[in-house]
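On a predicted model such as this, the values are computed, not experimentally measured, just so you know. Only this structure's heavy atoms are used, side chains among them; waters, hydrogens and symmetry mates stay out.
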Amino acid sequence: MAGAGAEAGGALGETVRELREAYGGGRTRSLAWRQAQLRGLLRLLKEKEAEAFQALHKDLGKHHAEAYRDEVGVLIKSANGALQQLGKWMAPDRASVYRSMEPPLSGRPATSLTPCVSVCGCVQVWVPLIAWPATAQVVPEPLGVVLIFSCWNFPLGLSLEPLIGAIAAGNAVALKPSELSPCTARFLADNIGRYIDASAVKVVNGGPEVGEQLMEHRWDKVLFTGSPRIARSVMAAAARHLTPVALELGGKCPCIFDAAAGGGRDLQVSANRIIAGKWSSCAGQACIAIDYVLVEERFAPVLIKALRSTLKRFFQDAGHMARIVNQRHFERLSGLIKDRAVAPSILHGGGVDAKNLYIEPTILLNPPLDSAIMTEEIFGPLLPIITVKKIEDSIAFVKAMPKPLAIYAFTRDAALRRRVVEETSSGSVTFNDAVVQYAIDGLPFGGVGQSGFGQYHGRHSFEMFSHKKAVMKRGYLLELMLRYPPWDESKVTLMRYLYRFNYFAFVLAFLGLRR
């Protein structure tokens, strides 16, 4: 066994060496190379769609409609978006000369005297007039050779979505799919090299020991999607090489259901969307799936009735919901509802089929808050409904829990929406729907606190795998000696004016017209 491990370690070392060589040769930096890889991914998704559906069904029992909605279709959209925007993303952002008497961040609107430029769409960069003649720009450059660990619940999407960003940014990439979705992992290993540059993008399959061996090498960035337990090991290993890490984890994502959103058609639409955000997303095995619902006591029966009737209509065919990934997770989930303190709270469902790894969509009302189902991330088709006296009490409930990857709230109340945004912390907030924020390229996807850190999707993926390099060039025309010793108070006075952007006072003092 030791010899086999050494042999595998040697093979991984050769993989890393080839990736370093591919990146070091410089070809991954060109716009043409990046576009060619994205087009290759699009061809793969088109030509191998049926095989992808088959792999996802074997691994997780996903219906091909769900597989297209949540994985294949999202990836086609993302790759096309990156192709369309790539030239803009790669372009340097130039800074403007700042000529005003006040700092540009003083809160007043920009004028003709204070031109501004957006850098990566989020910050402003200015070159002070005193530095003239000078130019400055922010140049996005690839990080180098990056490692992506994907997860088993969306094994295609969570592999290729970050890969799109990594190759768009010009990196060489090692992709480690989860061994818990072996058919999709094999699909990726068999096809990635046929459609994109096999020397610059490599799929590495294997179990936990392969992941550990990969982390023995130096990477320029690591993205890990998975559980907090394994994330701690990844971070500890990355620390040995000072490798930057992005973590996409999860947590207990709450759903606040306000009675104000519960009348007539709104109630049915809300029930549809809650079910889609829980049971229709890999049977609840999703980091952004609804974990539990908070609702006022008086309105709970109305919501539960709507959920039960809609569940029966949506899942008349059990094949329209994914199955549990494996026996271990099946037993974990079964144990949550077999808990003697929890079982009496089951209002709907609760049936299990160990042979087919299937657990019926299950609704529970007020299970004990100290039970495992309310202290651990559920990651399955079990939905606790927790009642509160007033819907405003849900804010305190959510704040008492670790920061989740997402918060959902169904409400027409603008004041409640404002409180959710201002008083809670989470990776994202979505009102009157669930999970759909994942498919919006303009929104960054990522957690905060225990739900992870680092954000990707769309341009945010490009930025996560890029370094924003500051580049400045000055001319020789102007040289102010006040920056050099020997020092005197007149130089200090001039510097005070400069750092306050008070150029008028500076000129007067420089000419000796002001003391």
task: Could you check Phe445 against Tyr438 for ring pair (Phe, Tyr, Trp, His ring centres under 6.0 Å), going step by step and ending with a plain yes or no?
output: CA-CA 7 Å; Phe445 175 74; Tyr438 178 86; 5.1 Å; yes
Evaluation steps, side-chain contact (heavy atoms from CB on, under 4.5 Å), between Ile76 and Tyr68: CA-CA 10 Å; Ile76 291 171; Tyr68 187 85; 4.0 Å; yes
- prompt: Given Trp33 and Asp197, is the side chain to side chain donor-acceptor pair (under 3.5 Å) satisfied, shown in steps?
  reply: CA-CA 9 Å; Trp33 184 88; Asp197 188 342; 3.0 Å; yes
field: Test side-chain contact (heavy atoms from CB on, under 4.5 Å) applied to Cys282 and Lys62, step by step
entry: CA-CA 7 Å; Cys282 196; Lys62 288 190 180 184; 3.7 Å; yes
- request: Kindly determine whether Cys253 and Leu405 satisfy side-chain contact (heavy atoms from CB on, under 4.5 Å), including the steps that lead there.
  value: CA-CA 6 Å; Cys253 298; Leu405 188 56; 4.2 Å; yes
- prompt: For Phe462 and Ile164, what are the C-alpha separation, side-chain angles and deciding distance, and is it a side-chain contact (heavy atoms from CB on, under 4.5 Å)?
  reply: CA-CA 8 Å; Phe462 176 88; Ile164 289 169; over 6 Å; no
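Closest non-hydrogen pair, Pro140 versus Trp89, comes out as CG-O, 3.6 Å. Counting all heavy atoms, side chain and backbone alike, Met215 lies closest to Ala237 at CB-CB, 3.6 Å. Shortest non-hydrogen contact noted between Glu377 and Cys287 is OE2-CA, 4.0 Å. Of all heavy-atom pairs spanning Ala185 and Asn205, the tightest one is O-ND2, 3.1 Å. Val420 and Ile407 make their closest contact through CG1-CG2, 4.1 Å (heavy atoms, listed as atom of the first residue, atom of the second, distance). Across Leu56 and Ala67, no two heavy atoms sit closer than the pair CD1-CB, 3.6 Å.
Screening residues 433-447 for salt bridge (charged side-chain N to carboxylate O under 4.0 Å, His left out) gives Lys77-Asp441, Arg273-Asp433 as the qualifying pairs, with residues at least two apart or on separate chains. Under the salt bridge (charged side-chain N to carboxylate O under 4.0 Å, His left out) criterion, the residue pairs touching residues 227-256 are Lys252-Asp291, with sequence neighbours excluded. Listed by first and then second residue, the side-chain hydrogen bond (donor to acceptor under 3.5 Å, both in side chains) pairs that reach into residues 47-57 are Glu47-Tyr195, Lys48-Glu51, sequence neighbours excluded.
A perpendicular orientation is assigned to the rings of His320 and His63, their planes being inclined by more than 60° (bins at 30° and 60°). Using cut-offs of 30° and 60° for the angle between ring planes, the Trp152 and His329 rings count as tilted.
Here CD1 of Ile288 is found 9.5 Å from CG of Asn153. Values are rounded to the nearest 0.5 Å. Distance check: Ile290 CD1 to Lys278 NZ gives 8.0 Å after rounding to the nearest 0.5 Å. Interatomic distance, Leu143 CG to Thr243 OG1, rounded to the nearest 0.5 Å: 11.0 Å. One distance of note links CZ of Arg194 with CZ of Arg43; it measures 13.5 Å at 0.5 Å rounding. If you take CG on Asp70 and CG on Leu75, they are separated by 10.5 Å, rounding to the nearest 0.5 Å. In this structure, CG in Leu480 is found 8.5 Å from CG in Leu494, a value given to the nearest 0.5 Å.
Taking the ring centroids of Phe431 and Phe410, they lie at or beyond the 6.0 Å cut-off.
In this structure a side-chain-to-backbone donor-acceptor pair under 3.5 Å is present from Asn191 to Phe187. Under a 3.5 Å cut-off, the side chain of Asn356 and the backbone N or O of Tyr358 do not form any donor-acceptor pair. Judged by distance alone, with hydrogens and angles left aside, the side-chain atoms of Glu161 form no donor-acceptor pair with the main-chain N or O of His457 at under 3.5 Å. Using modelled atom types, one side-chain atom of Ser78 and one backbone atom of Val74 make a donor-acceptor pair closer than 3.5 Å. Although no hydrogens or angles enter the test, the distance criterion places no donor-acceptor pair under 3.5 Å between the side chain of Arg218 and the main chain of Asp220. One N or O on the side chain of Asp59 and one on the backbone of Cys183 form a donor-acceptor pair closer than 3.5 Å. Side-chain atoms of Arg34 come within 3.5 Å of backbone N or O of Ala168 as a donor-acceptor pair. A donor-acceptor contact shorter than 3.5 Å links the side chain of Asn171 to the backbone of Ala166. Between the Gln37 side chain and the Ile196 main chain, no donor and acceptor come within less than 3.5 Å of each other. Although no hydrogens or angles enter the test, the distance criterion places no donor-acceptor pair under 3.5 Å between the side chain of Thr15 and the main chain of Val204.
For Glu479 and Tyr484, the side-chain atoms include at least one donor-acceptor pair closer than 3.5 Å. If you check the side chains of Ser181 and Arg186, you find no donor sitting under 3.5 Å from an acceptor. A donor and an acceptor atom, one from each side chain of Gln437 and Tyr408, are located under 3.5 Å apart. Thr135 and Arg474 share no donor-acceptor pair across their side chains, judged by distance under 3.5 Å alone.
Evaluation of the salt bridge (charged side-chain N to carboxylate O under 4.0 Å, His left out) rule for Lys221 yields no partner, not counting sequence neighbours. Partners of Arg332 under the salt bridge (charged side-chain N to carboxylate O under 4.0 Å, His left out) rule, at least two apart in sequence or in another chain, do not exist in this structure. Scored by the side chain to side chain contact (heavy atoms under 4.5 Å, CB included) test, Phe330 finds Ile324, Gln327, Ser334, Val352, Ala354, Leu357, Ile359 as partners (sequence neighbours excluded).
Looking only at side-chain heavy atoms (C-beta outward), Trp279 and Phe315 come within less than 4.5 Å of each other. Contact of the Leu31 side chain with the Leu86 side chain is registered, since non-hydrogen atoms from C-beta on lie closer than 4.5 Å. Within the 4.5 Å cutoff, the side chain of Leu482 has heavy atoms near those of the Met495 side chain. Contact of the Val139 side chain with the Asp93 side chain is not registered, since no non-hydrogen atoms from C-beta on lie closer than 4.5 Å. Looking at Lys176 and Ser159, their side chains never come closer than 4.5 Å, going by heavy atoms from C-beta outward. Within the 4.5 Å cutoff, the side chain of Val222 has no heavy atoms near those of the Pro244 side chain. Put simply, the side chain of Trp219 reaches to within 4.5 Å of the side chain of Val16, judged on heavy atoms. Counting only heavy atoms from C-beta outward, the side chains of Pro404 and Ser451 never approach each other to under 4.5 Å.
Comment: Lys468 does not engage Glu141 in a salt bridge, judged by the lack of any side-chain N to carboxylate O separation of less than 4.0 angstrom.
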